[in-house]
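Let me begin by presenting the structure, written as structure tokens, before commenting on it.
Throughout, a chain's letter reflects where its sequence line sits, starting with A, and its residues are numbered from 1.
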Protein chains: 2
Amino acid sequence: MEILAEKKKAILESTLKLIKENGFHGTPMSLVAKKAGVAAGTIYHYFDSKDTLIMELFAYTQHRIQEALQGNLQEGMDLQENFFLRWISRCQFYIQNPDVLFFLEQFMISPYYARCSQVTNERFRSEIMQFIEMGHRHGILRDIDQKLMSIMVHSSIITAAKVHLDGKVTLGDKEFRQLAQMIWDSIRKL
Amino acid sequence: MEILAEKKKAILESTLKLIKENGFHGTPMSLVAKKAGVAAGTIYHYFDSKDTLIMELFAYTQHRIQEALQGNLQEGMDLQENFFLRWISRCQFYIQNPDVLFFLEQFMISPYYARCSQVTNERFRSEIMQFIEMGHRHGILRDIDQKLMSIMVHSSIITAAKVHLDGKVTLGDKEFRQLAQMIWDSIRKL
DNA sequence: GCGCCCCGAATGAACGTTCAATAGACATAA
DNA sequence: TTATGTCTATTGAACGTTCATTCGGGGCGC
């Protein structure tokens, strides 16, 4: 994700926002164009088709997530604190970037997702996976398939963020720590 | 959900299957008609619009879930066993009815879902909620909002079923019990 | 003049929905 | 029994709309 042309970035961001508001299929290219302040044809200068636009949007969001989440780990932190930090900061990232969250949700259950390579598929969960590998090496996590565990953890994060954003239940700092504790207790050996 | 006219049921079932295969918006009414063995116009005899069809499909699946899940609880079962049974049997229901699972997933993140009343919204999670209320009354569950807890539990079930169906990780009996144990440890007081 | 970026009206396909027409079931009247 | 009318179930071609995509052209830097 080098320096993106202004317009290309505008198109990606507009698509992200529109998908959040109108859903995946309630976002015609014409609307994207209008919101991005470009002509319909311009989109096709940067993207082959709507499909490619969406695939690239996935890569783009992955990039944003990784950028936001790296570097909030200090040395010598104990494993539980490390987990809490990762769980809560990712949850807060989704809450602060609801458009990314909504897009990912839609994307992950769409046929597009299946089309990405396994690797691409999982990169956006990588820092969770990384933690789980470490935890296993230390022998403090349950003996459960690591990929499965990372999917379960990630799903808990997404669910919590969604509940918060929907306003179904109001979550404060205390609740986030409680949730992280729940998930932590579900993956560690008791 | 009284005795449904043959055709009405055929339309609902066809829609369910098509949505699983082609996604929510890859299922035009024309395809539904063909698969159900009726003419396009016939659908509109039973449903006002595609929207209503989908809303009724939600009610229909709710009904199927409740029917399948009621009555697998025996008296005098201890709470943990009770939870395991509920968790695993719902997970297995989703695995045996992937079309229901896929539909629910799509439905829950669509604007349709927001349009249902809160009550309708939550009825299909009711037997989980019911368990959590009971657990709280017994004082064995963590002090966390019950609705939140039930959403987290349900999301874990859906995630596990999906992982299994996607073939990302193969889950056998042992794995289901391990997962149920994980979730159990995440909601009970330690 | 060539290449790049950009425009937006035009195109054509796909889709949800409508409707005039048909068929059958059932009842009533002759 | 036959004729007539009514009501519901069903059909599928036709309609109007929406949408992704195309394309001929314009501006601008080199």
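Ring geometry, Phe107(A) versus Tyr113(A): the interplanar angle exceeds 60°, so the pair is classed perpendicular (tilted spans 30 to 60°).
Between His164(A) and Tyr94(A), the ring center distance fails the sub-6.0 Å criterion. Between Phe103(A) and Tyr60(A), the ring center distance fails the sub-6.0 Å criterion. Aromatic ring centres of Phe24(A) and Tyr112(A): separated by under 6.0 Å.
Without hydrogens or angle criteria, Arg142(A) side chain to Ser186(A) main chain gives a donor-acceptor distance under 3.5 Å.
Between the side chains of Ser49(B) and Thr52(B), at least one donor-acceptor pair of N or O atoms lies under 3.5 Å.
A heavy-atom distance below 4.0 Å to DNA chain C is reached by these residues of residues 42-55 of chain A, ordered by number: Thr42(A), His45(A), Tyr46(A).
In this structure, Met29(A) atom CE and dG8(C) atom C1' are separated by 15 Å, rounded to whole Å. The NE2-P distance, from His25(A) to dG16(C), rounds to 12 Å in whole Å. As rounded to whole Å, 20 Å separates atom P of dC6(C) from atom NZ of Lys34(A).
Residue Lys7(B) places at least one side-chain N or O under 4.0 Å from the OP1 or OP2 atom of dT10(D).
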